[in-house]
Amino acid sequence: SQTIHQWPATLVQPVGSPLSLECTVEGTSNPNLYWYRQAAGRGLQLLFYSVGIGQISSEVPQNLSASRPQDRQFILSSKKLLLSDSGFYLCAWSSAGEASWQYFGPGTRLTVT
Amino acid sequence: QKEVEQNSGPLSVPEGAIASLNCTYSDRGSQSFFWYRQYSGKSPELIMSIYSNGDKEDGRFTAQLNKASQYVSLLIRDSQPSDSATYLCAVRSGYSTLTFGKGTMLLVSP
């Protein structure tokens, strides 16, 4: 069966510090991968998605970036965090296809102070 | 701009009642529809998907789709306190990414 991991689970970082969140998927190959952010009281905002190694699509221009160095690894980064970057960061995967379901990882709760 | 609208709630129902959660979407070309449940502080988990007009039942859950009215609903029969959560509606058009609603909070009282 497929499993999706995210770490760390929680993170408290000062404004201006760098960020690196990691997501890995097990039990499948060539998944579509996604990064979402859910701010307090708000909906899920798609940040990036990837359909293959090195292929990244950005949905929202901001100070975040994403990379996919391996087939089942997706990394979210920032060089300098802003207060507004606080939120619940969720990685998700799906198989290719119109009807494919999207499964979420456990998430990383980021607080920027 | 593709939009998915949900009443934020909370929707309060007594234990054992039917909870009805509704969702409307703006993109008439949407083909796939999903319902997720999100407990407080946790990540969303997939409950059901529906692709054709009509009803789809899975245990206590029934998803209903009306493409002409651009309307999706989720019925939860025999609601339990453990069903208390936020329910997210998600819509996909073709091979595009999912668009999520902001969710409806459901509270089931014992």
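Everything numeric here is computed off the predicted structure, so don't read it as measured data. Per chain, numbering begins at 1; letters A, B, ... match sequence-line order.
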- Passes side-chain hydrogen bond (donor to acceptor under 3.5 Å, both in side chains), B:Ser73 versus B:Tyr71? Steps please. CA-CA 7 Å; B:Ser73 65; B:Tyr71 179 90; 4.9 Å; no

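Interface remark: B:Tyr36 contributes side-chain atoms only to the contact with chain A (heavy atom separation under 4.5 Å). Proximity to chain A (any heavy atom under 4.5 Å) is shown, for B:Glu45, by neither the backbone nor the side chain.
Under a hydrophobic-cluster definition in which Ile, Leu, Val, Met, Phe, Trp and Tyr are linked whenever side-chain heavy atoms come within less than 4.5 Å, directly or via other members, B:Val108 and B:Phe61 are assigned to the same cluster.
Because its NZ or CZ atom is not both nearer than 6.0 Å to the ring centre of B:Tyr87 and within 45° of the ring axis, B:Arg37 does not count as a cation-pi partner of that residue.
Ranked by heavy-atom pairs under 4.5 Å with chain B, the list A:Arg109, A:Gln6, A:Gln45, A:Gln38 is led by A:Gln38.
Salt bridge absent: A:Arg37 and A:Glu59 never bring a charged side-chain N and a carboxylate O closer than 4.0 Å.
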